[in-house]
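Written below as structure tokens is the structure these notes are about.
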Amino acid sequence: MDITVRLASKPYTVRTGRITDLSMSGANIEVALDLRVLSRIQVAIILPSRFSHPTPVIAAYVARRHREGVGVEWCDFAPQAVADLLRSSAAIDPLRRLQRAHTPPPLMLPTPLAR
């Protein structure tokens, strides 16, 4: 996964991060923000501008901290926005794998022999 998000914790504390792992119960988010474990946060998923849907915002809390960011658990199991993302990701991945499998290898030209 590589999804851009905005995290909001305290009033006026907003940072941009990236979801690197996503599940129905939570996510791993790389973000440069010092958050305490059990802090309540809001995760806004930034959709590409071509989508006319409103930005989904998911309530979560910090379950663990690590050097690159935080691991969060959703306040409600399987929020609709997460289920939609996982469903679309599952539909796209097999197509990408299929395209890669049918892509011919690059043409290798023989190199001239050295004398």
Side-chain angles (χ1 to χ4, degrees):
M1 285 280 156
D2 188 14
I3 301 168
T4 304
V5 294
R6 272 192 306 272
L7 293 180
S9 60
K10 300 174 191 166
Y12 311 110
T13 303
V14 178
R15 295 285 189 278
T16 301
R18 300 194 81 67
I19 290 180
T20 57
D21 193 14
L22 180 68
S23 73
M24 293 294 226
S25 62
N28 184 60
I29 303 175
E30 291 181 357
V31 63
L33 182 60
D34 187 24
L35 294 167
R36 291 185 293 168
V37 173
L38 300 180
S39 297
R40 179 92 183 250
I41 61 172
Q42 298 291 318
V43 180
I45 299 171
I46 300 173
L47 297 173
S49 60
R50 68 179 179 268
F51 292 110
S52 60
H53 302 294
T55 301
V57 178
I58 306 165
Y61 65 92
V62 177
R64 62 192 166 282
R65 292 173 38 174
H66 51 82
R67 190 173 358 143
E68 292 83 23
V70 293
V72 300
E73 295 288 329
W74 309 128
C75 289
D76 297 320
F77 180 76
Q80 186 62 47
V82 171
D84 292 344
L85 276 172
L86 289 171
R87 191 175 307 112
S88 67
S89 174
I92 290 171
D93 281 346
L95 290 175
R96 286 186 181 155
R97 276 187 246 130
L98 186 63
Q99 287 171 346
R100 278 184 283 206
H102 292 292
T103 303
L107 181 61
M108 302 297 285
L109 298 174
T111 57
L113 295 174
R115 291 183 187 217

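In what follows, every heavy atom counts, from backbone to side chain, and hydrogens, waters and symmetry copies are set aside. Counting begins at 1 with the first residue of the sequence.
Leu85 contributes atom CG, which lies 4.5 Å from atom CD1 of Ile45 (distance to the nearest 0.5 angstrom). For the atom pair CG (Leu35) and CZ (Arg65), the distance works out to 7.5 Å, reported to the nearest 0.5 Å. Note that CG of Asp21 is 10.0 Å distant from CD1 of Ile3, once rounded to the nearest 0.5 Å. Between atom CG of residue Leu7 and atom CD1 of residue Ile29 there is a gap of 4.5 Å, rounded to the nearest 0.5 Å. Here the OG1 atom belonging to Thr13 is positioned 13.0 Å from the CD atom belonging to Gln42, to the nearest 0.5 angstrom.
Between the side chain of Trp74 and the backbone N or O of Ala27 there is no donor-acceptor pair closer than 3.5 Å.
Side-chain atoms of Gln80 and Pro56, non-hydrogen and from C-beta on, never get closer than 4.5 Å to each other. Side-chain contact between Asn28 and His66 is present, with heavy atoms from C-beta onward closer than 4.5 Å.
Placement of Met24 and Ile58 within a single hydrophobic cluster is found when ILVMFWY residues are connected by side-chain heavy-atom separations under 4.5 Å, directly or transitively. Taken together through direct or relayed side-chain contacts under 4.5 Å among Ile, Leu, Val, Met, Phe, Trp and Tyr, Val5 and Tyr61 form parts of separate hydrophobic clusters. When the side chains of ILVMFWY residues are joined at heavy-atom separations under 4.5 Å, either directly or via intervening members, Val62 and Phe77 end up in a single hydrophobic cluster.
With hydrogens and angles left out, the side-chain atoms of Thr16 and Arg6 include no donor and acceptor closer than 3.5 Å.
The two residues Ile41 and Val72 have their closest heavy-atom pair at CD1-CG1, 3.6 Å. The two residues Cys75 and Arg40 have their closest heavy-atom pair at SG-NE, 3.4 Å. Heavy atoms only, all atoms of each residue included: Thr55 and Ala44 are closest at CG2-CB, 3.9 Å.
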Original post:
How far apart are the C-alpha atoms of Arg67 and Glu30, what are their side-chain angles, what is the distance that settles it, and do they pass the side-chain contact (heavy atoms from CB on, under 4.5 Å) test?
Top reply: CA-CA 9 Å; Arg67 190 173 358 143; Glu30 291 181 357; over 6 Å; no

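Surrounding CG of Asp76 are at most 12 heavy atoms belonging to other residues, nucleotides or ligands under 6.0 Å away.
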